[in-house]
Amino acid sequence: MTAALSPSLDTRSGSADPQRILQEVFGYDRFRGPQQAIVEHVVAGGDALVLMPTGGGKSLCYQIPAIARQRAGLGVTIVVSPLIALMHDQVGALHEAGVSAAFLNSTLDWTETQDVERRLARGEITLLYAAPERVTTPRFLALLDGLRERGRLALFAIDEAHCVSQWGHDFRPEYRGLTVLHERYPGVPRIALTATADDLTRADIVERLQLQDAGRFVSSFDRPNIRYAIVEKKDVTTQLLRFIEAEHPGDAGVVYCQSRKRVEELAQTLADAGIHALPYHAGLDAALRQRHQDRFLREEGVVMVATIAFGMGIDKPDVRFVAHVDMPKNIEGYYQETGRAGRDGAAADAWMAYGLQDVVNQARMIDESPAEGDFKQVMRGKLDALLALAEATDCRRVRLLDYFGEASTPCGNCDNCLNPPEVWDGTDAARKLLSTIYWIKKQSGIGFGAGHIMDILRGKATDKTAQYGHDKLSTFGLGAEFSEAQLRGVLRQLIATGALHVNAEAYNTLQLTDGSRAVLKGEVPVRLRASISAPAARKPRRERGGSGGKAASPAAASLDAAAQARFAALKSWRAEVAREHNLPAYVIFHDATLAAIAERDPRTIGDLQGVSGIGAKKLEAYGDEVLRVCNG
Ligand code: ADP
Ligand code: ZN
């Protein structure tokens with residue numbers, strides 16, 4: 001807990017000009033996208049709702065106003081965040097930049113808590129991180145009252161604001177209690193930030209947090225360095241292994257699974273294959289979970305195999321891939337999870353395998369949930385949008401951005417753009433499948449599952465076809481020319497588009513819907529990816545730099561041999577410092593910053609000035625050592 005309690009190294013005095021703070025404290029030249037407008041708005045005391053994709057740079061949007069308002073004598077900024085397990089590192093990162101910060105949460109003992117409270121009351125803290133359940137306690141509110149009376153409550157930053165909405169994918173009921181902030185402290189500005197931005201969630205945030213009059217800042221949600229690919233699921237474990245071995249040997253990544261059991265199995269399989277993989281899910285002991293998270297953040301090349309319990313707030317910049325071996329619930333979740341790749345702006349992959357079973361499972365989970373009808377309908381609509389994305393034969397990114405209300409043109413960096421899939425006309429197969437379902441229902445009075453229906457159409461005699469006399473049906477063997485994979489693809493798309501319903505209450509039997517008729521009549525064509533059963537064409541590999549073997553850091557790809565050596569020396573020095581400070585290495589310096597230093601071949605402190613990512617405090621703390629490492 002030293003980071004939380006170490007005496008402030010402080011930048012509480014100095015210029016309150018945002019541009020100066022950006023350069024001095026964070027070592028960056030210029031604001032990105034709408035950052036400047038947001039910062040100016042909040043520094044001036046306005047409320048703001050910030051919608052920016054993961055990796056877009058949300059933290060500076062409240063950290064710079066916090067520093068500016070502190071320097072203007074307005075006091076502390078309270079950062080509300082659900083991420084207790086990350087607060088230590090977040091505060092540590094601010095300390096590294098010379099900003100006085102602290103956190104209050106359940107990991108602190110009584111004395112530590114009192115110490116933070118005392119420093120808070122004395123006005124020594126610029127940013128205080130706390131979880132929502134803490135912020136709304138009478139004890140904490142009494143502290144805030146005291147600060148408010150003395151005009152020392154500068155700003156509320158509500159991070160991960162989508163947690164307030166049940167439509168978001170991380171609903172936290174405690175967030176609802178945050179209404180107390182604007183009711184009790186009406187004059188204190190608030191900035192709410194999220195990377196989730198479908199209309200429903202957005203509207204909910206505005207309403208729940210009463211941000212109707214807040215300035216709205218919506219960034220582009222595009223993450224151009226992430227390459228999206230969605231593949232047909234066959235033997236997903238093998239597919240995943242091949243993907244990692246071919247594209248990301250030695251890289252850090254996240255693999256998302258639906259169930260805890262699957263997480264454990266897959267982590268073991270990857271580990272057996274020599275991949276540095278660790279499991280993470282809510283069923284693991286909290287201490288073990290924290291240890292795995294720390295290793296993912298602190299060590300290089302760890303692959304975290306996880307449920308969605310993992311990842312919110314993870315700001316590791318060099319995650320090179322995010323893989324989904326099971327389909328998520330909706331596009332918001334998918335986009336948020338894949339967005340954890342490539343925050344450093346270097347090339348990264350979002351890879352998902354998806355199959356008929358995913359569609360069936362997700363549809364069933366919605367059907368079986370105890371939620372109200374309207375809620376189910378919304379969930380179903382969201383699932384449909386994701387299914388349409390998975391089935392798409394055109395640009396994935398265009399569809400993703402369209403979902404977030406952004407128009408764009410084909411990206412050239414997704415599977416469909418890079419290898420346009422051949423399309424085959426599945427209309428005939430679809431009509432035959434639907435009429436088989438119709439006829440067996442008529443004949444036997446009950447529905448059947450996908451496997452049996454495909455058997456009938458392909459003319460495969462089984463005990464079941466004999467038992468029900470389905471080998472006498474007129475459609476028996478009528479689709480012998482189709483492979484099972486093809487029919488599976490057709491069924492998946494029929495379910496995805498609502499032309500078929502999977503009845504979870506009756507053994508996952510397939511039922512016709514109102515939407516079936518148009519397909520049966522041939523009014524709605526069914527177009528499918530032809531590559532479904534063909535082996536996937538190899539996609540062109542990106543330049544990774546380095547000299548083969550283990551992948552080199554993309555940040556250092558363009559360095560010459562001497563600079564590569566400096567880069568390597570700087571990295572091992574950084575690892576040392578990070579260990580001493582108990583922080584992830586990237587909190588000390590990003591790879592890109594080390595690469596820039598290595599390239600400059602610095603001889604004097606002056607040579608280090610202006611390198612992106614070196615602020616005044618880091619220059620003072622590390623400048624001499626960096627020079628020694630480079631010239632050693
Ligand atoms: P978010 O919270 O939106 O996911 P972060 O605030 O973690 O994103 O920022 C993502 C990365 O971009 C961080 O490594 C951060 O240091 C960097 N970054 C943010 N703003 C700038 C900027 N103006 N110039 C350079 N780097 C920036
Ligand atoms: Zn594309």
Side-chain angles (χ1 to χ4, degrees), residues 53-54 82 160-173 175 194-205 221 228 230-231 233 236 254-263 266 280-283 305-314 322-341 350-392 396 399-400 402-404 492-493 495-498 501-502 504 508:
T54 310
E160 313 288 354
H162 61 279
C163 290
V164 80
S165 171
Q166 64 169 337
W167 306 125
H169 41 91
D170 294 306
F171 177 45
R172 307 276 170 117
Y175 261 68
T194 179
T196 302
D198 71 306
D199 289 339
L200 216 52
T201 311
R202 196 182 294 186
D204 218 18
I205 295 173
F221 267 67
Y228 297 92
I230 302 177
V231 304
K233 192 187 276 191
V236 70
V254 184
V255 177
Y256 281 109
C257 309
Q258 201 64 247
S259 75
R260 298 171 181 187
K261 180 161 164 276
R262 186 85 185 107
V263 164
L266 200 52
Y280 189 107
H281 59 70
V305 183
T307 59
I308 51 166
F310 177 74
M312 194 183 6
I314 292 289
V322 170
H324 283 89
V325 296
D326 297 310
M327 193 174 64
K329 284 188 172 52
N330 52 46
I331 290 185
E332 292 91 302
Y334 170 74
Y335 205 62
Q336 191 105 325
E337 283 145 26
T338 55
R340 290 169 188 144
W351 182 93
M352 176 161 85
Y354 125 104
L356 179 57
Q357 201 54 43
D358 287 303
V359 183
V360 173
N361 287 349
Q362 288 291 5
R364 190 184 54 217
M365 277 197 280
I366 294 172
D367 284 350
E368 287 177 349
S369 84
E372 307 272 305
D374 315 355
F375 187 83
K376 283 188 182 177
Q377 199 137 21
V378 171
M379 289 304 158
R380 180 68 217 196
K382 286 179 176 245
L383 174 61
D384 289 346
L386 178 59
L387 293 174
L389 172 75
E391 293 291 339
R396 309 272 190 202
R399 287 185 175 247
L400 281 167
D402 178 65
Y403 185 78
F404 294 115
R492 205 179 56 222
Q493 193 171 96
I495 296 166
T497 54
H501 175 68
V502 181
N508 290 338

Going by heavy atoms in the side chains, are [X] and [Y] under 4.5 Å from each other?
X: Leu387; Y: Tyr354; value: yes
X: Tyr256; Y: Tyr334; value: no
X: Pro328; Y: Leu386; value: yes
X: Leu389; Y: Leu400; value: yes
X: Gln362; Y: Ile495; value: no
X: Met312; Y: Cys163; value: yes

Considering all heavy atoms of both residues, which atom of [X] and which atom of [Y] are nearest to each other, and what is their separation?
X: Leu266; Y: Val255; value: CD2-CG1, 3.9 Å
X: Tyr403; Y: Ala385; value: CE1-CB, 3.7 Å
X: Gly355; Y: Arg492; value: C-CD, 3.5 Å
X: Arg260; Y: Ala282; value: NH2-CB, 3.6 Å
X: Glu332; Y: Thr201; value: OE2-OG1, 4.5 Å
X: Val325; Y: Cys257; value: CG2-SG, 3.7 Å

Once rounded to the nearest 0.5 Å, what's the spacing between atom [atom1] of [X] and atom [atom2] of [Y]?
X: Asn330; Y: Met379; atom1: CG; atom2: CE; value: 7.0 Å
X: Asp367; Y: Arg380; atom1: CG; atom2: CZ; value: 7.5 Å
X: Ile314; Y: Thr54; atom1: CD1; atom2: OG1; value: 12.0 Å
X: Leu200; Y: Ile205; atom1: CG; atom2: CD1; value: 10.5 Å

Quick check: does any side chain N or O of [X] sit under 3.5 Å from a backbone N or O of [Y], one acting as donor and the other as acceptor?
X: Arg340; Y: Gly311; value: yes
X: Lys382; Y: Lys329; value: no
X: Ser165; Y: His162; value: no

Please list, chain by chain and in numerical order, all residues satisfying ring pair (Phe, Tyr, Trp, His ring centres under 6.0 Å) with Tyr280, sequence neighbours excluded. Phe310
Who pairs with [X] by salt bridge (charged side-chain N to carboxylate O under 4.0 Å, His left out), at least two apart in sequence or on another chain?
X: Asp402; value: none
X: Arg172; value: none
X: Lys261; value: Glu265

Could you go through Asp358 and His324, starting from their C-alpha distance and side-chain angles, then the distance that decides it, and tell me whether this counts as side-chain contact (heavy atoms from CB on, under 4.5 Å)? CA-CA 11 Å; Asp358 287 303; His324 283 89; over 6 Å; no
With Met352 as reference, evaluate Arg396, Glu337, Met327 under the side chain to side chain contact (heavy atoms under 4.5 Å, CB included) test and give the passing residue. Met327
Of all residues at least two apart in sequence or in a different chain, which pass the side-chain hydrogen bond (donor to acceptor under 3.5 Å, both in side chains) check with Arg399? Asp394
With Gln493 via side-chain hydrogen bond (donor to acceptor under 3.5 Å, both in side chains) - residues at least two apart: Glu391
Working note: Thr307 + His281, criterion side-chain hydrogen bond (donor to acceptor under 3.5 Å, both in side chains); need CA distance, chi angles, decisive distance, verdict. CA-CA 5 Å; Thr307 59; His281 59 70; 5.9 Å; no
Are Tyr335 and Phe404, when compared by the centres of their aromatic rings, separated by less than 6.0 Å? yes
